[in-house]
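Have a look at the structure below, then the notes.
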Number of protein chains: 2
Amino acid sequence: MVSKPTPAVIEAWERLVRTEKTLLDKVEEHLKRAGFPPLEWYHVLHEVDASTKGMVRQTEVQDRTKLAQYNVCRLVDRLEREGLVERHQCQVDGRNNVLVITAKGRALRRAMWPVYAAAIEEHFGARLSQADAEQLAGLMAKLAGT
Amino acid sequence: MVSKPTPAVIEAWERLVRTEKTLLDKVEEHLKRAGFPPLEWYHVLHEVDASTKGMVRQTEVQDRTKLAQYNVCRLVDRLEREGLVERHQCQVDGRNNVLVITAKGRALRRAMWPVYAAAIEEHFGARLSQADAEQLAGLMAKLAGT
DNA sequence: AGAATTTGCTTGCAACTGCATGTTTTCTAT
DNA sequence: ATAGAAAACATGCAGTTGCAAGCAAATTCT
């Protein structure tokens with residue numbers, strides 16, 4: 001049986017939802033002002049770039065970015081069209097796509113990071129102590145289970 | 001000058017973004033399964049219903065939901081089309097719209113709440129202690145400034 | 001007062017998302 | 001070995017969002 005949320009929980013939820021949206025908007029705005037594509041592009045490029053030898057299965061990206069399957073599919077379409085990643089069929093399991101980041105893709109990711117990082121720091125990091133950051137990470141970990 | 005985010009800050013940021021998205025998806029899914037409209041509808045109805053005499057200026061809704069202006073405009077279009085709110089021109093300042101919730105709108109909001117609340121509790125509240133919830137609210141407050 | 005600016009809201013168009021479904025490849029159970 | 005189920009990806013269509021531009025009421029400045 002599921003009981004009702006306490007007022008403190010509701011309060012925390014509302015703040016979480018509102019604050020996170022505001023932060024994302026601000027970060028997106030930084031990227032846009034710098035002439036870069038949306039945050040999701042970065043996240044996908046990051047996943048591909050960060051994984052072994054710059055290749056991942058598409059489904060892996062899905063899991064890690066929490067994007068819907070069809071959104072990853074179409075986002076990869078766009079990335080591919082821009083020459084930022086390549087899509088190959090997996091040799092081992094023919095159902096999978098293997099994504100490979102290109103030099104251009106890696107360059108874009110590298111160029112975006114300083115802007116992204118500065119935005120994170122300005123709107124997020126600068127307002128938190130080290131302990132705060134760890135606390136927040138801990139709370140998110142609690143929320144992320146199953 | 002803006003310095004770079006520390007690893008702890010980056011970690012917290014990534015977890016925040018990913019976890020929040022996951023939670024929102026889960027909550028949305030609950031509403032959908034119960035045959036209700038999206039969360040944003042609830043949020044807007046909530047703002048209108050919760051304010052004095054069930055009316056607010058549209059711009060107020062914008063501020064409180066953090067939705068873009070054109071999104072509020074079009075979301076209100078849909079709510080109006082469904083007979084959930086009414087849009088009137090403000091007597092005092094002709095630029096403003098005043099939103100008035102209808103009986104139907106109020107009823108929908110009331111019907112949605114138990115489902116929404118249960119989802120919040122299941123995926124969020126149940127994983128946090130009272131102290132956790134307060135801590136999280138506190139952290140969000142720090143992040144929400146200016 | 002009259003022009004210029006600001007504020008609040010709307011809208012055409014293009015891009016993106018969600019839903020439902022389809023296709024192909026692999027896995028499972030008999 | 002084979003039928004049935006599942007996993008991974010793609011896609012047509014309708015609905016939603018973002019951008020840029022627009023309009024109208026109020027405020028500010030000269």
Side-chain angles (χ1 to χ4, degrees), chain A residues 21-22 24-44 47-48 51 55-82 84-100, chain B residues 21-22 24-44 47-48 55-82 85-100:
Chain A
K21 186 170 173 61
T22 306
L24 275 183
D25 283 352
K26 285 179 179 164
V27 170
E28 288 279 13
E29 212 216 318
H30 278 240
L31 289 174
K32 201 179 306 168
R33 267 208 311 273
F36 286 125
L39 197 46
E40 299 296 10
W41 287 42
Y42 181 87
H43 288 319
V44 172
E47 291 307 329
V48 182
S51 58
M55 46 174 69
V56 239
R57 283 169 299 136
Q58 209 165 292
T59 181
E60 190 78 24
V61 172
Q62 240 171 82
D63 290 346
R64 301 179 60 81
T65 58
K66 306 298 180 191
L67 290 169
Q69 188 259 337
Y70 47 82
N71 281 335
V72 173
C73 182
R74 291 195 267 217
L75 179 41
V76 170
D77 284 349
R78 286 168 236 150
L79 295 175
E80 203 179 17
R81 216 176 299 133
E82 297 293 326
L84 301 168
V85 303
E86 286 167 8
R87 223 195 300 234
H88 300 290
Q89 196 175 43
C90 179
Q91 297 304 310
V92 183
D93 184 337
R95 291 170 301 184
N96 288 273
N97 278 346
V98 174
L99 303 182
V100 181
Chain B
K21 186 171 174 61
T22 305
L24 274 183
D25 283 352
K26 285 178 180 165
V27 170
E28 288 279 13
E29 212 215 318
H30 277 240
L31 290 174
K32 202 180 305 168
R33 268 207 310 272
F36 286 125
L39 198 46
E40 299 296 11
W41 286 43
Y42 181 87
H43 288 321
V44 172
E47 292 306 331
V48 182
M55 45 173 69
V56 239
R57 283 168 300 136
Q58 208 165 295
T59 181
E60 190 77 24
V61 172
Q62 241 172 81
D63 290 346
R64 302 179 60 82
T65 59
K66 304 300 179 190
L67 290 168
Q69 190 195 52
Y70 48 82
N71 281 335
V72 173
C73 182
R74 291 196 266 218
L75 179 41
V76 170
D77 283 348
R78 286 168 233 151
L79 296 176
E80 203 179 16
R81 215 176 300 133
E82 298 293 327
V85 303
E86 285 167 9
R87 224 195 298 233
H88 300 290
Q89 197 175 42
C90 180
Q91 297 304 311
V92 183
D93 184 336
R95 290 170 301 185
N96 288 271
N97 278 345
V98 174
L99 302 182
V100 182

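These figures come from a predicted structure and were not determined experimentally. Note on naming: letters A, B, ... go to the chains in the order of the sequence lines (proteins, then strands), and numbering restarts at 1 for each one.
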Take the protein atom [atom1] of [X] and the nucleotide atom [atom2] of [N], then report the distance between them rounded to whole Å.
X: A/D93; N: D/dA6; atom1: CG; atom2: P; result: 17 Å
X: B/E80; N: C/dC9; atom1: CD; atom2: C1'; result: 13 Å
X: A/L75; N: C/dG18; atom1: CG; atom2: C1'; result: 15 Å
X: A/L31; N: D/dG18; atom1: CG; atom2: C1'; result: 16 Å
X: A/N71; N: D/dC9; atom1: CG; atom2: C1'; result: 13 Å
X: B/D77; N: C/dC9; atom1: CG; atom2: C1'; result: 10 Å
X: A/Q62; N: D/dC9; atom1: CD; atom2: C1'; result: 9 Å
X: B/L79; N: C/dT10; atom1: CG; atom2: P; result: 13 Å

Closest approach of [X] and [Y], non-hydrogen atoms and distance?
X: A/P38; Y: A/L31; value: C-CD1, 4.3 Å
X: B/V56; Y: B/V48; value: CG2-CA, 3.5 Å
X: B/K21; Y: A/K66; value: CE-O, 3.3 Å
X: A/V100; Y: A/H88; value: CG2-CD2, 3.5 Å

[N], OP1 or OP2 - any side-chain N/O from [X] closer than 4.0 Å?
X: A/K32; N: D/dG18; answer: no
X: A/N97; N: D/dA10; answer: yes
X: A/R87; N: D/dC9; answer: no
X: A/Q58; N: D/dA10; answer: yes

Task: Ion pair B/E29/B/R33, N-O distance below 4.0 Å - done: yes
Nearest-0.5 Å distance, [atom1] of residue [X] to [atom2] of residue [Y]:
X: B/R74; Y: B/R78; atom1: CZ; atom2: CZ; result: 8.0 Å
X: A/L67; Y: A/Q58; atom1: CG; atom2: CD; result: 11.0 Å
X: A/Q69; Y: A/T59; atom1: CD; atom2: OG1; result: 8.5 Å

Which atoms of nucleotides 12-15 of chain C (N or O only) lie under 3.5 Å from a protein N or O atom, and what are those distances?
from	atom 1	to	atom 2	distance (Å)
C/dG12	O6	B/R74	NH1	3.2
C/dG12	O6	B/R74	NH2	3.4

Open item on the list: Given 3.5 Å as the limit, does a donor-acceptor pair link the side chain of B/E28 with the main chain of B/L39, or not?
Closed with: yes
Open item on the list: One pair to check against side-chain contact (heavy atoms from CB on, under 4.5 Å): B/R87 and B/L99. What are the steps and the verdict?
Closed with: CA-CA 5 Å; B/R87 224 195 298 233; B/L99 302 182; 3.5 Å; yes
Picking from [options], which would you name as closest to the side chain of [X]?
X: A/Q89; options: C/dT25, D/dC9, D/dG18; value: C/dT25
X: B/Q69; options: D/dA25, C/dT10, D/dC9; value: C/dT10
X: A/R95; options: D/dA10, D/dA8, C/dT11; value: D/dA8

TODO: On DNA chain D, check which nucleotide each of B/V92 and B/W41 is closest to and give me the residue with the more 5' one.
DONE: B/W41
Open item on the list: Angle between the two end axes of the helix from C/dA1-D/dT30 to C/dT30-D/dA1, five base pairs per end, rounded to 10 degrees?
Closed with: 30°
